[in-house]
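Heads up, the thing below is written out as structure tokens.
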Amino acid sequence: SRFDSSPPGAKLIDHQRLMWFDDVWSAVTFVVLSAAAAALLRRWWIARCERRDGEWLASKLTVVVTTSAAESNPSTVMMESVFASFSVVPGLSKVPKIIVCDWPELDDEHVRSCHHGRVQTKNLGDYKAYIEKITALCHSGRQAWANTSCITLASRNGFGWAVRAGLEHVKTEFVMVVQHDRCFISPVPLNRVVASMECHSDAIKYVGFPVNNQSTYRNPETVAARHEGLQISPRDVDGLRLLPLLMWYDSTHVARADFYREVVLPRVKRGDFIEESYGREEVEDVVRNGMDAHRRYGNFMLLDPDRPRGYSVAHLEILRSKGPERHLKKSYGFEEICRLRRVLRDKLKRPCQQHVGHERQLRQRVGLVKRLADIGALSPSLAPNLEEVLSLAAACGMQIPSWRELMVHRLFAFGK
């Protein structure tokens, strides 16, 4: 038109711009929708894995339980407590389980009975009897002991190499490493954890579970204070709350079996704990090079958004008996219950002398012992003693926390 003042070719340029904009918008829309569809598909797959029974989990995961000589030998009560706790986690009782019995080093000069894989010659027979009892439990196949095998190492290897020996028999993609004094006290979404690790194989190589004892590198505030403001923060992945860890902890965790074989264990020497060698190496690397270095390790701790200070795994050290009857099942946990009873009786006599922090710890400890009894980790013979403790706590006006209210606390011995 003669009234159109646009320069020649302007309409063509505008049309090309519109076409370019449409192409970009279409591409962005496609990428966004594809990502959303992939996320929905991934969530559907994980939810489907969660609904499956233990057969799917058993095809993906093997449990390796490490054990060594202890003062409680030949009693198997501690290991029985660990296996009893497997029933708390859906599907875990059905997966293949391998117990690795490390052989002790004889030391009659520097060891009183058993310490860090060394025993006196006179105590070796107790450990042999312990291994025989463990083997018999495996052969029984009862409850959580189903699908369980036991191997005994010919010499002292230490925790790291005991895990390596167990991995030689693992045929699944993932392995759960459990120490002989750690037990589950609350359910964890294990199917979802394994499914998410399968979907994010490059990013997530390890998922650990919170333990009741305090630890530096599981606490973002402590990490920031110790390492000049280094920030770690939880991230949400497929409905899981995961906190990046600066250390590869030995405590109960799930990891990729191939990553263990190819990356972790080649850096661990005989006799070493993994966290003391590979774990320390990770701390130094991340502190020096920042959180970008964490991608090489891919280790996280599973958090419960509803229980930010809660824990899933209990350290059973507090239940070990050091007395002459420590090999008897009825004595396992008896000394701890007696300590709690003594403290509560003293509290009734002198109610105003209790420190607030100490009372909080006391409530947590009583709640933990009650939970261990509820899941079958304590002998039924201790039930009357525990009932007395609970009655004393009630007389003190103490509210005993349920397992959902259990929080991380210091593992000191009450009444000592």
Side-chain angles (χ1 to χ4, degrees), residues 54 62-102 104 114 123 125-152 159 162 166 176-188 190 209 211-212 251-252 312-323 325-337 368-386 403:
T62 301
V63 176
V64 170
V65 184
T66 62
T67 187
S68 56
E71 291 184 343
S72 59
N73 299 151
S75 171
T76 59
V77 63
M78 186 164 63
M79 185 69 84
E80 291 181 65
S81 298
V82 173
F83 271 70
S85 78
F86 289 166
S87 62
V88 175
V89 181
L92 186 55
S93 295
K94 295 184 178 181
V95 307
K97 294 170 284 291
I98 301 168
I99 300 175
V100 182
C101 302
D102 196 11
C114 301
N123 298 116
D126 288 340
Y127 187 54
K128 290 180 178 179
Y130 167 78
I131 294 175
E132 291 175 1
K133 289 183 178 182
I134 290 293
T135 303
L137 286 168
C138 294
H139 289 163
S140 73
R142 292 192 300 268
Q143 297 176 350
W145 293 90
N147 202 10
T148 305
S149 59
C150 180
I151 60 175
T152 303
F159 173 76
M176 174 184 280
V177 176
V178 179
Q179 294 167 307
H180 66 179
D181 58 358
R182 309 293 169 108
C183 76
F184 285 101
I185 58 101
S186 65
V188 295
L190 190 56
F209 304 100
V211 190
N212 55 331
S251 191
T252 307
S312 307
V313 175
H315 189 186
L316 298 178
E317 174 64 27
I318 60 170
L319 300 181
R320 292 187 188 183
S321 174
K322 306 297 190 297
E325 296 184 345
R326 59 183 176 270
H327 62 284
L328 300 178
K329 187 170 185 176
K330 66 179 182 180
S331 69
Y332 185 67
F334 180 70
E335 288 187 8
E336 177 65 12
I337 290 177
L368 172 57
V369 173
K370 181 181 183 298
R371 177 58 176 170
L372 291 171
D374 290 341
I375 65 175
L378 292 181
S379 170
S381 64
L382 296 178
N385 305 88
L386 181 57
W403 66 265

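Here, residue 1 is the first one in the sequence, and each next residue gets the next number.
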Worksheet item: Are the side chains of E335 and L319 in touch, meaning some heavy atoms are under 4.5 Å apart?
Response: no

Worksheet entry | Heavy-atom closest pair, residues C150 and C101 | SG-SG, 3.6 Å

Worksheet item: Between N212 and H315, do the side chains contain an N or O donor and an N or O acceptor separated by less than 3.5 Å?
Response: no

Worksheet item: Does the side chain of I98 come within less than 4.5 Å of T148's, by heavy atoms?
Response: no

Fill in: Rounded distance [0.5 Å steps], CG in L378 versus CG in L386
7.5 Å

Worksheet item: How long is the gap from NE2 on H180 to OG on S68, to the nearest 0.5 Å?
Response: 4.5 Å

Discussion item. Please determine whether side-chain contact (heavy atoms from CB on, under 4.5 Å) holds for the pair L137 and R142, giving the CA-CA distance in whole Å, both sets of side-chain angles, and the decisive distance to 0.1 Å.
Written reply: CA-CA 8 Å; L137 286 168; R142 292 192 300 268; 4.1 Å; yes

Worksheet item: Looking only at heavy atoms, what is the nearest atom pair of L382 and G333, with distance?
Response: CD1-C, 4.1 Å

Discussion item. One pair to check against side-chain contact (heavy atoms from CB on, under 4.5 Å): V177 and T252. What are the steps and the verdict?
Written reply: CA-CA 6 Å; V177 176; T252 307; over 6 Å; no

Worksheet item: Looking only at heavy atoms, which two atoms of Y127 and D102 are closest? And how far apart?
Response: OH-O, 2.5 Å

Practice prompt. Rounded to the nearest 0.5 Å, what's the gap from CD1 on I375 to SG on C183? Could you check?
Written response: 4.5 Å

Worksheet, complete the sentence: d(L316 CG, M79 CE) to nearest 0.5 Å is 11.0 Å

Fill in: Backbone of C138 reached by a side-chain donor or acceptor of K97 within 3.5 Å
no

Discussion item. So, using ring-ring contact (aromatic ring centres under 6.0 Å, His included) as the criterion, who are the partners of F83 when residues are at least two apart?
Written reply: F86, W145

Item to complete: Output, in order, the C-alpha distance, side-chain angles, deciding distance and verdict of side-chain contact (heavy atoms from CB on, under 4.5 Å) for L92 and F184.
Response: CA-CA 11 Å; L92 186 55; F184 285 101; 3.7 Å; yes

Item to complete: Output all residues satisfying side chain to side chain donor-acceptor pair (under 3.5 Å) with Y130, sequence neighbours left out; order by chain, then residue number.
Response: T67

Worksheet, complete the sentence: Residue set satisfying side chain to side chain donor-acceptor pair (under 3.5 Å) with T62, at least two apart, ordered chain then number -> T172

Discussion item. Could you check whether any side-chain heavy atom of V369 comes within less than 4.5 Å of a side-chain heavy atom of I337, counting everything from C-beta outward?
Written reply: yes

Worksheet entry | For the student: nearest non-hydrogen atoms of S312 and S186, plus distance | CA-OG, 3.3 Å

Worksheet item: What's the verdict on side-chain contact (heavy atoms from CB on, under 4.5 Å) for K370 and W403, showing C-alpha distance, side-chain angles and the deciding distance?
Response: CA-CA 9 Å; K370 181 181 183 298; W403 66 265; over 6 Å; no

Practice prompt. Could you tell me whether the side chain of V100 reaches within less than 4.5 Å of the side chain of V64, counting heavy atoms only?
Written response: yes

Worksheet item: Which heavy-atom pair separates R371 from I185 by the least distance, and what is that distance?
Response: NE-O, 2.6 Å

Fill in: For N147, side chain to side chain donor-acceptor pair (under 3.5 Å) partners two or more places apart
none

Worksheet, complete the sentence: Closest non-hydrogen contact found for V313 with R182 is CG1-CB, 3.7 Å

Worksheet item: Under the 3.5 angstrom rule, does the side chain of S93 hit a backbone N or O of A144 as a donor-acceptor pair?
Response: no

Fill in: Any residue meeting salt bridge (Lys or Arg N to Asp or Glu O under 4.0 Å) with D126, in chain and number order, not counting sequence neighbours
none

Worksheet, complete the sentence: Distance col, row E336:CD vs L368:CG, nearest 0.5 angstrom, shows 8.5 Å

Worksheet item: Distance from S72 atom OG to Y332 atom OH, nearest 0.5 Å?
Response: 8.0 Å

Item to complete: Report the residues that fulfil side chain to side chain donor-acceptor pair (under 3.5 Å) with T135, sequence neighbours left out, ordered by chain and then residue number.
Response: none

